**Student:** 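The structure that follows is given in the form of structure tokens.
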Amino acid sequence: MLTLAVLIPLLAAAVLALAPVGAGAARWTATGAPALSLLALIAVWAGGGEGFRAVAEAPWIPTLGIAWRVGVDGMSLALALMSALIFVAASAWPMEVHHPRSYYAWMAFLAGVSIGLFVTLDLIVFYVFFDLSLVGMYFLIGRWGHGEAQHAALKFFIYTLAGSLLILIGIIVLALNMPQMTFDMRAIIDSPPLAAAGMVPGLIFLAFVVGFGIKTPVFPVHTWLPPAHVNAPGPASAILAGVLLKMGTYGLIRMPMQMMPETFARWALPLAVVGVISILWGSIVAFAQDNLKRRIAYTSVNHMGYTVLGIAVAGSALGSEAARQMALTGAVVEMIAHGLITGALFLVAGAVWQRAGDYHLPNFGGLAGPAPRLTGAATLAAFASLGLPGLAGFVAELHIFLGTFAVYPWLGAIGLLGILITAALFLRMIRQMFFGDMPKERAGFTDLTGTETALLAGLLALVVLIGIWPAWLLELIDAAALIPVLGPGG
């Protein structure tokens with residue numbers, strides 16, 4: 001099932017690249033492929049099991065111990081499910097694009113490699129999918145973006161490729177330090193090869209943190225993100241924020257935290273500080289933005305800072321195991337919540353661009369009258385993003401901060417300021433766009449279509465469901481199975 005979930009979108013991409021189909025057929029092919037992947041992943045979820053499940057393996061480069069290995073635990077399955085859902089929404093989003101067959105081929109390709117990254121159990125295959133995701137997003141931004149799209153695409157690619165090379169170095173060192181060289185994630189997690197002390201473990205930890213930190217992104221390696229979002233088409237921004245950023249935080253958990261637990265515990269506090277700086281920096285800079293998309297982009301730095309803080313707390317050697325599990329649960333829920341919420345916000349931004357060709361917030365106002373459905377969707381997503389109780393963001397942040405206060409209470413207190421600033425920036429955004437007097441140039445602004453409404457409703461319904469009944473997601477994630485066991489020196 002997991003192999004099918006990866007191959008179906010890739011086959012759809014190949015068909016779209018080769019077959020002369022029209023725009024409508026291309027769009028529904030690109031939508032149907034991740035929808036089938038979603039069904040396959042739901043079947044895996046329904047099958048239940050503990051630890052890594054639905055495992056399949058086939059040799060690829062046997063002399064190096066590299067194989068097509070797939071399998072999921074609760075965290076990777078939750079992220080794969082969310083990714084498939086966001087790709088369905090982004091691919092189905094109605095847009096007028098030039099060369100639609102190529103556009104939807106890249107969407108399907110990116111869906112396949114993104115799902116593949118979350119379900120693979122081989123480090124080299126992980127790296128291959130990580131790099132291929134850069135290629136897909138590079139073309140979506142550079143060819144179908146607007147403004148300085150090509151410059152933004154190049155900056156995105158160079159930054160994240162540099163990070164991926166650091167990750168490759170870490171992967172190679174881990175594999176070479178195993179008793180028998182292997183790239184099997186399960187074997188390395190079960191028997192971490194590097195001790196905590198010494199220069200080499202510290203340097204490899206730094207390589208992973210910087211590499212995945214660029215992808216996440218965290219301060220100060222986040223500067224590629226705002227131009228990539230501002231100049232990308234709305235659906236591509238939804239994928240970038242909803243799916244690709246999660247590759248960074250997923251990698252932080254899967255590799256340095258689970259494969260280098262003692263080294264991670266040694267450096268957890270500096271990583272937690274980076275998370276708090278990202279929380280504050282992202283929210284403060286977002287508050288200062290007059291560009292709708294740039295404001296949403298900087299809130300991603302803020303929210304991924306919450307995730308990094310939760311991961312750092314989970315991997316520390318301080319506090320109780322229950323507190324660390326709570327923080328890790330919050331970090332994974334934050335990944336899911338941020339994907340759904342910010343994916344919806346970027347689709348809203350895409351709808352605004354399609355109608356106005358403008359993101360400058362002072363040029364808007366009074367849209368609640370002609371566009372009540374757009375207003376409702378944007379308001380619900382904004383309140384979810386600022387952590388309103390009853391919505392998914394609150395569940396995630398509550399877990400993160402409860403765990404943080406038990407381990408690094410002073411960092412938790414500082415990080416809470418980010419929630420206050422985030423609330424202010426979103427409330428200001430809603431007031432600027434939807435209330436007050438509508439400028440003359442916005443006369444004739446139309447509301448969401450039926451398709452747009454349905455797609456946003458699907459994403460936001462999950463945001464509400466997680467907020468009022470999170471038990472099903474918390475049981476799926478099973479953070480207790482992700483927390484590494486530290487040795488006597490940890």
Side-chain angles (χ1 to χ4, degrees), residues 1-11 13 33-34 36-38 40-41 43-45 47 49 51-62 64-84 86-87 108-137 160 163-165 167-172 174-175 178 181-190 208 211-212 215 239 243-259 332 335 339 477 481-482:
M1 280 296 180
L2 296 178
T3 301
L4 283 174
V6 177
L7 290 182
I8 289 171
L10 294 178
L11 290 173
L36 291 174
S37 297
L38 181 61
L41 292 166
V44 172
W45 183 13
F52 289 108
R53 66 200 82 162
V55 174
E57 185 170 342
W60 180 28
I61 310 176
L64 298 178
I66 302 170
W68 173 260
R69 298 182 176 98
V70 291
V72 287
D73 58 6
M75 173 181 65
S76 54
L77 179 56
L79 289 168
L81 286 163
M82 178 205 65
S83 300
I86 291 175
F87 272 103
F109 172 82
L110 193 52
V113 300
S114 298
I115 294 169
L117 181 140
F118 291 121
V119 304
T120 186
L121 292 177
D122 189 281
L123 288 174
I124 293 298
V125 178
F126 174 96
Y127 176 76
V128 169
F129 283 138
F130 190 94
D131 271 8
L132 289 178
S133 71
L134 310 185
V135 176
M137 186 53 66
T160 45
S164 77
L165 293 175
I167 293 165
L168 179 61
I169 293 171
I171 287 172
I172 291 171
L174 286 177
M178 292 294 289
M181 187 176 71
T182 180
F183 294 96
D184 189 332
M185 291 183 182
R186 296 164 296 177
I188 301 175
I189 291 171
D190 289 342
F208 277 131
F212 288 123
K215 188 75 169 182
I239 292 167
V243 179
L244 267 63
L245 302 191
K246 308 309 174 294
M247 297 176 181
T249 45
Y250 170 74
L252 278 176
I253 296 172
R254 188 65 86 209
M255 292 180 203
M257 195 185 91
Q258 289 194 302
M259 299 181 186
V332 180
M335 286 191 254
I477 292 168
L482 300 171

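Small disclaimer: the values here were computed from a predicted structure and weren't measured.
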**Student:** In this structure, which one of Thr3, Thr120, Asp122 forms a side chain to side chain donor-acceptor pair (under 3.5 Å) with Trp68?
**Tutor:** Thr3

**Student:** Using a 4.5 Å cut-off on heavy atoms from C-beta on, say whether the side chain of Ile188 contacts that of Met255.
**Tutor:** no

**Student:** Output all residues satisfying side-chain hydrogen bond (donor to acceptor under 3.5 Å, both in side chains) with Arg186, sequence neighbours left out; order by chain, then residue number.
**Tutor:** Glu57, Asp184

**Student:** If you define the side chain from C-beta out and look only at heavy atoms, does anything of Leu38 sit under 4.5 Å from Phe87?
**Tutor:** no

**Student:** Do Met247 and Thr160 have side chains that approach each other closer than 4.5 Å (heavy atoms only, starting at C-beta)?
**Tutor:** no

**Student:** Atom CE in Met82, atom CD1 in Ile115: separation rounded to 0.5 Å?
**Tutor:**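 Result: 10.5 Å between the selected atoms.
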
**Student:** Nearest 0.5 Å please: distance from the CD1 atom of Ile124 over to the CZ atom of Phe183.
**Tutor:**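 If I round to the nearest 0.5 Å, the distance is 4.0 Å.
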
**Student:** Treating Asp73 as the side-chain partner and Ser76 as the backbone partner, does any N or O pair qualify as donor plus acceptor under 3.5 Å?
**Tutor:** yes

**Student:** Who are the side-chain contact (heavy atoms from CB on, under 4.5 Å) partners of Ala33, not counting sequence neighbours?
**Tutor:** Ile8, Pro9, Ala12

**Student:** At what distance, to the nearest 0.5 angstrom, does OH of Tyr127 lie from CG of Leu165?
**Tutor:**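 Answer rounded to 0.5 Å: 4.5 Å.
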
**Student:** The criterion is side-chain contact (heavy atoms from CB on, under 4.5 Å); which residues satisfy it with Ser83, sequence neighbours excluded?
**Tutor:**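 Residues passing side-chain contact (heavy atoms from CB on, under 4.5 Å) with Ser83: Phe118, Val243.
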
**Student:** For the residue pair Arg254 and Leu482, establish whether any side-chain heavy-atom pair is separated by less than 4.5 Å.
**Tutor:** yes

**Student:** Given 3.5 Å as the limit, does a donor-acceptor pair link the side chain of Ser133 with the main chain of Phe130, or not?
**Tutor:**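 Checked: pair present.
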
**Student:** Does atom CE of Met1 have more than 12 heavy-atom neighbours, drawn from other residues, nucleotides or ligands, at distances under 6.0 Å?
**Tutor:** no

